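One structure below.
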There are 2 protein chains.
Amino acid sequence: MGHRENPRPGGRSARVQAAVHQSVREMLAKMDRADVTIPLIAQRANVTPSTIYRRWGDLQELLADVAASRLQPEGEPARIGSAREDLEAWVEQYADEMASGVGRQMLRDVLATIDGTNAERCSGYTQQQLCVLIARAKENGESFPSLGELMDHLISPIIYRILFDQAFDAGYVRELVARVMRKSNA
Amino acid sequence: MGHRENPRPGGRSARVQAAVHQSVREMLAKMDRADVTIPLIAQRANVTPSTIYRRWGDLQELLADVAASRLQPEGEPARIGSAREDLEAWVEQYADEMASGVGRQMLRDVLATIDGTNAERCSGYTQQQLCVLIARAKENGESFPSLGELMDHLISPIIYRILFDQAFDAGYVRELVARVMRKSNA
DNA sequence: GCACAAAAGCAAATAATTTGCGTTAGTGAA
DNA sequence: TTCACTAACGCAAATTATTTGCTTTTGTGC
């Protein structure tokens with residue numbers, strides 16, 4: 001949605017995209033989600049409702065687009081020490097963000113659309129972050145789980161618990177890390 | 001939604017519940033999901049739209065309710081032989097059903113609502129099935145993973161891949177089983 | 001700057017959702 | 001069984017959201 005490989009005459013204005021996204025973010029912060037409607041978003045963004053309908057289709061798709069944007073990480077995982085320590089710190093923050101009310105709702109928004117593009121996008125961000133950690137481990141010669149192992153046995157359980165409303169704490173996340181590291185050393 | 005612990009005078013008619021659910025199932029089978037609206041559902045169910053609005057709130061919640069009902073398993077996992085064989089057979093079918101177009105959509109419907117009740121309900125069904133397998137293993141004296149291990153390292157990765165649009169095959173599921181069994185024997 | 005094509009604005013038409021009120025139907029007690 | 005009671009249902013009007021045809025604006029390549 002952001003870019004366009006082969007821009008033909010008559011492109012979309014970046015103005016609308018930015019104004020609408022910001023409007024959605026502000027409204028989600030201030031009011032109950034059930035009261036967020038396309039006409040209201042349009043009004044705050046100084047845009048016509050029909051523009052939003054034609055561009056995004058419906059509220060769900062717009063929310064999914066905004067949520068996926070917000071789920072994009074700001075930078076690389078922090079450098080603490082060993083790759084394992086970096087992983088522990090990163091995943092703890094990841095789990096916190098995703099388990100928060102806002103994070104959980106963004107996850108749901110992203111998954112609610114028929115079009116899986118935003119879900120893939122979101123999973124892709126996570127995988128990029130993990131790849132950075134894997135590369136660091138490789139540089140240092142540390143043994144480290146593969147991307148597949150991390151996704152299956154660290155990320156998946158966390159996301160499952162968030163989506164299906166099962167509480168967990170930092171100790172649980174640390175155990176998942178310990179388990180996935182143990183396995184990769186075996 | 002189905003039951004009511006302390007039924008007070010003036011209960012809900014089971015008629016409406018049944019007719020609306022059936023109407024939704026039929027429409028989802030026959031037409032594009034984007035064309036399924038509450039007025040149409042109401043018409044087919046011989047019910048007034050306002051009844052549906054008052055009872056379920058909106059289309060998403062109704063779809064979530066219907067989806068959760070349909071995700072309820074019909075019976076206990078089949079008895080093949082050892083608990084491990086039973087688990088392999090059961091999880092293969094589980095993964096197939098969930099990964100199918102219908103299954104995937106039901107999962108998304110269940111997760112789309114703010115109210116997590118239906119998601120918990122759905123996860124509960126899975127856990128019940130797994131508990132049956134665990135009990136069988138215990139009877140036979142077979143070593144077997146705990147419920148937590150099965151949820152974290154078998155169910156979660158499968159559901160994650162389905163939700164985030166990442167393909168997998170039967171071999172992948174068998175590997176997950178092998179891994180979770182290996183760990184529980186260690 | 002010019003020509004072109006895709007978006008955006010506008011407003012009327014359509015469809016969905018909400019709401020007030022009268023009616024029906026399920027429940028517990030006599 | 002009947003009665004009193006309360007919640008759910010049906011109906012219709014009012015409100016709000018969505019779609020659509022058409023015009024104007026804006027971004028792009030020449």
Side-chain angles (χ1 to χ4, degrees), chain A residues 1-24 26-28 30-66 69 109 112-115, chain B residues 1-24 27-28 30-66 69 109 112-115 117:
Chain A
M1 227 115 230
H3 316 282
R4 166 185 282 289
E5 3 267 330
N6 186 19
R8 272 166 286 168
R12 321 183 131 164
S13 83
R15 177 196 128 241
V16 170
Q17 156 92 3
V20 169
H21 271 235
Q22 190 190 335
S23 171
V24 170
E26 287 172 7
M27 294 183 69
L28 286 178
K30 283 182 191 162
M31 46 200 291
D32 196 49
R33 120 174 270 88
D35 300 332
V36 175
T37 65
I38 286 187
L40 277 179
I41 294 166
Q43 187 176 24
R44 175 183 284 255
N46 279 313
V47 152
T48 302
S50 65
T51 296
I52 297 183
Y53 285 114
R54 282 203 242 250
R55 188 147 167 182
W56 280 278
D58 62 11
L59 184 61
Q60 279 201 348
E61 288 198 55
L62 172 56
L63 291 178
D65 185 33
V66 172
S69 297
D109 287 343
T113 57
I114 322 251
D115 172 21
Chain B
M1 224 116 226
H3 316 283
R4 168 184 279 290
E5 3 268 331
N6 186 18
R8 273 165 286 167
R12 321 183 130 165
S13 83
R15 177 194 127 242
V16 170
Q17 155 93 5
V20 169
H21 271 235
Q22 190 189 336
S23 171
V24 170
M27 293 183 69
L28 286 179
K30 283 183 192 163
M31 46 198 292
D32 196 49
R33 126 174 264 86
D35 300 331
V36 175
T37 65
I38 287 187
L40 276 180
I41 294 166
Q43 187 176 25
R44 175 183 285 255
N46 279 313
V47 153
T48 302
S50 66
T51 296
I52 297 183
Y53 286 114
R54 283 202 243 249
R55 187 146 169 183
W56 281 277
D58 61 12
L59 184 61
Q60 279 199 349
E61 288 198 56
L62 171 56
L63 291 178
D65 185 33
V66 172
S69 297
D109 287 343
T113 56
I114 322 251
D115 171 22
T117 312

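Reminder, nothing fancy here: chain letters follow the sequence lines and each chain counts from 1. Worth saying up front: this structure is predicted, and the values here are computed from it rather than measured.
Going from atom CD of A/Q43 over to atom P of D/dT16 covers 12 Å, rounded to whole Å. Distance, B/R15 CZ to C/dA25 P: 9 Å, rounded to whole Å. The CG-P distance, from B/D35 to D/dT19, rounds to 11 Å in whole Å. Going from atom CD1 of B/I52 over to atom P of D/dA8 covers 15 Å, rounded to whole Å.
Contact check, A/R55 against C/dA8: a side-chain N or O comes under 4.0 Å of OP1 or OP2. The phosphate of D/dG10 has OP1 or OP2 within less than 4.0 Å of a side-chain N or O from B/T51.
Between B/E61 and B/W56, the shortest heavy-atom distance links the atoms CB-O, 3.2 Å.
Each end of the helix from C/dG1-D/dC30 to C/dA30-D/dT1 yields a helix axis from five base pairs, and these two axes differ in direction by 50° (to the nearest 10 degrees).
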Strictly under 3.5 Å: I want the nitrogen or oxygen pairs between protein and nucleotides 15-19 of chain C, one per line.
residue: C/dA16; atom: OP1; partner: B/T37; partner atom: OG1; Å: 3.4
residue: C/dT17; atom: OP2; partner: B/Y53; partner atom: OH; Å: 2.0
residue: C/dT17; atom: O5'; partner: B/Y53; partner atom: OH; Å: 2.8

Evaluate the side-chain contact (heavy atoms from CB on, under 4.5 Å) criterion for residues B/T113 and B/D65: first the C-alpha distance (whole Å), next the side-chain angles of each, then the deciding distance (0.1 Å), finally the verdict.
CA-CA 10 Å; B/T113 56; B/D65 185 33; over 6 Å; no
With a 3.5 Å cut-off and sequence neighbours excluded, list the donor-acceptor pairs that the side chains of residues 32-49 of chain A form with protein atoms.
residue: A/R33; atom: NH2; partner: A/D109; partner atom: OD1; Å: 2.9
residue: A/R33; atom: NH2; partner: A/D109; partner atom: OD2; Å: 2.7
residue: A/T37; atom: OG1; partner: A/L40; partner atom: N; Å: 3.3
residue: A/R44; atom: NH1; partner: A/E26; partner atom: OE1; Å: 2.5

